[in-house]
Structures are given as structure tokens and as C-alpha cells.
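A short write-up of the structure that comes next.
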Amino acid sequence: MNWKDKNLDIKTPSITSEQINEQIKPVLRKMEQAGIRIDCNHLKKLDETLTEKLNKIESDIYNLAGHEFNVSSPIQMSEVLFTELKLPTGELKKTKTGISTAASELKKIEKDHKIISPILEYRELSKLISTYLKPLPTLVDENSRLHTSYGLETSTGRINSSEPNLQNIPIRGKYGEEIRSAFIASPGMKLISADYSQIELRVVACLANDQNMIVSFQNGEDIHARTASEIFEVSLDKITAEQRRVAKAVNFGIVYGQTPFGLSQALSIETSKAAEYINHYFDIHKGIKEYINKMIDRAHTDGYVETLFGMKRYLPNINSTIRHIAESEERMAINTPVQGTASEILKLAMINLDGKLTAQYPEAKMLLTVHDELVVEVPQKDAKKVAQAVKEVMRDVIKLCIPIEVSVGIGNNWAEAK
DNA sequence: ACAATGGTCC
DNA sequence: ACTCGGACCATTGTA
């Protein structure tokens with residue numbers, strides 16, 4: 001079907017996903033060349049602090065285990081936890097080779113032994129040290145700037161980042177902010193961070209023409225709270241934090257083609273309970289339910305689905321007789337138009353913004369793109385004006401059936417700008 | 001060199 | 001029996 005004759009209207013008429021990709025390429029090359037400035041000393045100091053912490057935790061783990069072993073080896077970890085310490089394996093997921101020692105699984109037995117908590121801490125610290133704190137300072141150029149490579153070869157149309165990947169820099173957890181604060185503006189400059197608020201949910205609301213969701217977004221409601229009030233049948237002002245958390249997972253799941261099992265895993269609840277939530281959600285969101293069925297039908301019939309701007313994703317195994325293969329591609333049929341359209345919206349905004357900055361603020365430079373976020377470096381004196389311009393370009397790049405919201409911040413580093 | 005496992009982001 | 005979308009990268013352990 002043609003999205004455009006429904007309730008969507010694109011401001012830049014008749015541009016295709018192919019044209020978007022051609023036009024974004026030179027923009028990405030400029031961003032790669034610009035690079036982002038890193039405070040290496042900050043990262044090195046944090047490295048020293050956390051390495052010291054890590055060593056202490058490591059010896060704690062040895063003491064609790066009764067001997068030394070390689071804590072980074074899942075095989076040895078499994079031996080220690082489940083053979084030697086005989087911790088319960090009942091509710092834990094299995095891998096091909098044995099019992100999983102993934103953090104999500106270990107949390108289930110955290111109260112059964114004092115060793116679990118330091119293991120989780122060890123994992124957190126070693127991840128940060130080996131993936132971010134150690135490598136990044138070795139990769140900066142003579143101006144302390146870090147240059148990533150952006151690619152367009154993803155199956156949904158998203159932009160990816162590698163060598164190094166600057167799209168998975170920590171933000172949550174105890175040290176997320178600390179690490180992001182090492183991404184800094186040059187002297188006399190500021191960083192601007194601008195991100196779309198719930199762009200994928202807005203996109204799916206419009207693609208699915210889900211009246212309930214559309215009204216909610218038009219009224220500027222807290223969408224997760226709204227969903228919570230629907231599935232728990234309580235008024236908006238009586239939503240608990242826990243109910244909102246569940247509703248948020250349900251909303252996310254919609255975009256992913258969720259199953260009761262998947263939701264149950266995400267929330268650590270009974271599959272039957274998860275199924276109740278989902279069923280109740282679909283009772284209220286007929287548009288979403290129809291959208292899902294339509295995409296799956298289309299994929300089965302045509303062998304592909306497409307985004308708003310016409311990017312096709314072929315799903316050759318959707319008619320497989322192997323259930324989980326076919327079901328996996330059904331979920332892609334649901335997710336790809338949503339994720340792909342959202343990524344097209346950001347790419348189009350980047351193209352437009354590049355034009356505007358080049359013409360009006362040639363000293364301002366786009367540096368990073370993180371799926372629904374842009375980071376721009378700009379002379380201090382222009383920061384406020386450019387921040388407003390970035391926000392407007394992102395907001396007005398396309399007219400959806402509902403308003404698009406963009407939040408923007410200014411700071412001396414990435415953490416501050418968010 | 002490669003598979004398996006685990007973990008970070010949106 | 002087994003699962004929710006899209007990426008990249010580090011470590012271990014085997015080939």
C-alpha cells in the first residue's frame with residue numbers, strides 16, 4: 001500500500017529512500033572528518049579509579065569462591081557457581097554449552113549467595129574499562145578528536161557507527177554520565193544535543209492510524225502513563241511507577257513485534273500475565289492490531305515490507321515451515337517499517353540541517369548521530385540560535401499526523417548537553 | 001580465524 | 001523447545 005495516501009504528508013515531496021541515502025553520504029563523510037573532541041585525561045583517570053576497584057572486587061570474588069579463576073570466562077564462572085557452590089539453576093536460562101551466567105540470569109539468584117553481587121559489579125567495571133576507557137584514548141588524533149566511520153548497510157536503514165562505535169557510549173548506570181562528560185566541546189565552542197521524543201511510537205501511531213494513540217500524542221500526554229491507565233484501568237493520576245514501567249515495556253514491545261513470552265522475560269512476570277496485558281492493549285488499540293496483521297499479511301504475500309519513503313526489506317524466510325524462523329521474520333515485518341521510517345526522518349533532518357548550517361552557521365558542525373539524536377558543535381556565541389534551529393529543522397522535517405517533539409540542550413560536554 | 005557468550009546503545 | 005526490533009565490540013576458548 002501507499003502510505004502517502006493515508007494520513008501522512010511529507011513536506012519534501014517525492015524524495016525516495018535511495019535519494020535520502022545518496023544525499024546523506026557527503027554529510028556523514030563531513031561528520032567523520034570533523035570528529036569529536038575527547039578529554040583523554042578524564043578517561044585515563046576514570047580508568048585508574050575503576051581498575052583499582054576492579055582488582056579489589058576480583059579478590060573478593062576469589063575469597064568467596066575459595067580459589068582464583070578467570071572471572072571473565074563464562075565456562076569457569078559456571079563451574080564455580082553451579083558445580084562448586086551448587087547455586088540453584090532452576091529458573092536460569094541455558095546456553096548451548098551449559099547454564100547461562102548472563103547478568104539478567106544471575107540477578108535471579110542474587111539473594112542465594114554473596115558472590116553474585118561482586119560478580120555483577122566486576123562485569124560492569126570490566127566492560128567499561130575494556131570497551132571504552134582503554135581503547136578510546138588510543139584512537140584520538142593530534143587534536144584529541146575521535147573519528148568514527150558511519151555506514152548505511154543496515155537492514156532497516158539505520159546509520160551505524162564503527163571503529164569506534166560512538167552509538168553505544170554508556171549513558172545509564174553509575175558511570176555513564178562520567179564517561180559521556182569526556183566528550184567535550186573545543187575551546188570557545190559548545191555542544192548541542194537534540195533528540196526526538198518517542199519518534200518510533202509516533203511513527204507507528206501514524207502508520208497504524210491508531211486513533212487512541214494519536215489523540216494521546218495530540219494532547220501531549222505521557223504516553224506510557226496513558227498506556228498504563230488503559231491496561232490497568234485506573235485513572236491517569238493514580239498510576240504507580242511500577243505500572244508505568246510495565247506499560248513502557250508494552251509500548252516498546254509493540255514496535256518489536258512482541259510476544260507474551262518476550263514481555264514476560266523483559267518484566268520477569270508470568271507469561272499468562274504478559275498475555276493479559278497484551279490482549280488488553282490490543283482491545284484498546286485496534287489500529288495497532290490491524291497494522292501488525294497487515295504487515296504480516298503483506299510480507300507473506302509480497303515477500304517484503306517497506307518504509308514511508310519506500311525502502312524495501314525482503315523477508316525470504318517468512319513462509320518457512322520452521323516456526324521460529326518464520327515468526328522471526330514476522331517480527332521484522334512489524335518493526336522494519338517503524339524503525340526504518342524513523343531513521344529516514346532523522347536522515348532527512350540531517351540533510352536539511354547540513355544545508356542550513358552551511359548557509360547560515362558555517363562554523364557549526366554536526367558530529368554525532370545516534371538513531372534519534374544529533375550532536376552539533378558550535379561557537380559559543382551562536383549556541384542558542386543554532387540549538388533553536390536544530391530543534392526546528394528536526395521538528396519540521398516532515399508533517400506527521402501528530403506533532404513531533406524534540407528536546408535540545410547545550411553544554412560544554414555531551415553529558416551536560418543532554 | 002572463528003564461534004560462543006556477554007554487554008553497551010537506541 | 002524456544003522467542004520481542006536494530007547495531008558493534010571485548011574476551012575466552014577452540015580449530
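Labels below follow one simple rule: chain letters A, B, ... track the order of the sequence lines, proteins then strands, and each chain is numbered from 1.
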Determine the contact category for [X]: base if any of its heavy atoms lies under 4.0 Å from a base atom, sugar-phosphate if only primed atoms, P, OP1 or OP2 are that close, otherwise nothing.
X      : value
A:I334 : nothing
A:R323 : nothing
A:A103 : sugar-phosphate
A:T259 : base
A:S126 : nothing
A:D195 : nothing

Among [options], which nucleotide has an atom closest to any side-chain atom of [X]?
X      : options               : answer
A:N168 : B:dT5, C:dT12, B:dT8  : B:dT8
A:N70  : C:dT12, C:dC9, B:dT8  : C:dT12
A:R331 : B:dA4, C:dG5, B:dT8   : C:dG5
A:H371 : C:dG6, C:dT11, B:dT8  : C:dG6
A:N160 : C:dC8, C:dG5, C:dA10  : C:dC8
A:R172 : B:dT8, B:dT5, B:dC9   : B:dC9
A:I171 : C:dG6, C:dC4, B:dC10  : B:dC10
A:S155 : C:dG13, C:dC9, C:dA7  : C:dA7
A:V370 : C:dA10, B:dC10, C:dC4 : B:dC10
A:F261 : C:dT3, B:dG6, C:dA7   : C:dT3

Does [N] have OP1 or OP2 sitting under 4.0 Å from an N or O in the side chain of [X]?
X      : N      : result
A:R158 : C:dA7  : no
A:K127 : B:dT8  : no
A:S73  : C:dG13 : yes
A:T95  : B:dT5  : yes
A:N165 : C:dC9  : no
A:R313 : C:dG6  : yes

Whichever of A:E163 and A:T156 has the more 5' nearest nucleotide on DNA chain C, that residue is A:T156
Assign each of A:S264 and A:P164 the nucleotide of DNA chain C bearing its closest heavy atom; nearer the 5' end lies the nucleotide of A:S264
Distance between P atoms of C:dA1 and B:dG7 (Å, rounded)
26 Å
query: Between C:dC4 and B:dC2, how far is it from one C1' atom to the other, in whole Å?
result: 28 Å
Please report, rounded to the nearest Å, how far the [atom2] atom of [N] is from the [atom1] atom of [X].
X      : N      : atom1 : atom2 : answer
A:Y256 : C:dC4  : OH    : P     : 12 Å
A:L166 : B:dC9  : CG    : P     : 14 Å
A:Y132 : C:dC9  : OH    : C1'   : 8 Å
A:M77  : C:dG13 : CE    : P     : 11 Å
A:L136 : B:dC9  : CG    : P     : 14 Å
A:D372 : C:dG6  : CG    : C1'   : 13 Å
A:I169 : C:dA7  : CD1   : P     : 19 Å
A:I322 : C:dT3  : CD1   : P     : 15 Å

Residues A:E48 and A:K44 bridged, charged N to O under 4.0 Å: no
Tell me whether A:K174 is salt-bridged to A:E124, with the criterion being a basic N under 4.0 Å from an acidic carboxylate O.
no
Smallest heavy-atom separation, A:M295 atom then A:P337 atom, equals SD-CG, 4.0 Å
Minimal heavy-atom distance between A:I231 and A:Y277, with the atoms involved, is CG2-O, 3.9 Å
| message | On the side chain of A:Q339, is there an atom forming a donor-acceptor pair with the base of C:dG6 - under 3.5 Å, no angle test? | response | no
The residue among A:T227, A:T240, A:V246 that forms side-chain contact (heavy atoms from CB on, under 4.5 Å) with A:F232 is A:V246
Point to revise | Atom CD of A:E270 with >12 non-hydrogen neighbours under 6.0 angstrom | key: no
#### Entry: Whether over 12 other heavy atoms sit under 6.0 Å from A:E110 CD
yes
Evaluate A:R37 against A:S186 for side-chain hydrogen bond (donor to acceptor under 3.5 Å, both in side chains), listing each step before the verdict. CA-CA 7 Å; A:R37 187 153 184 261; A:S186 284; 4.6 Å; no
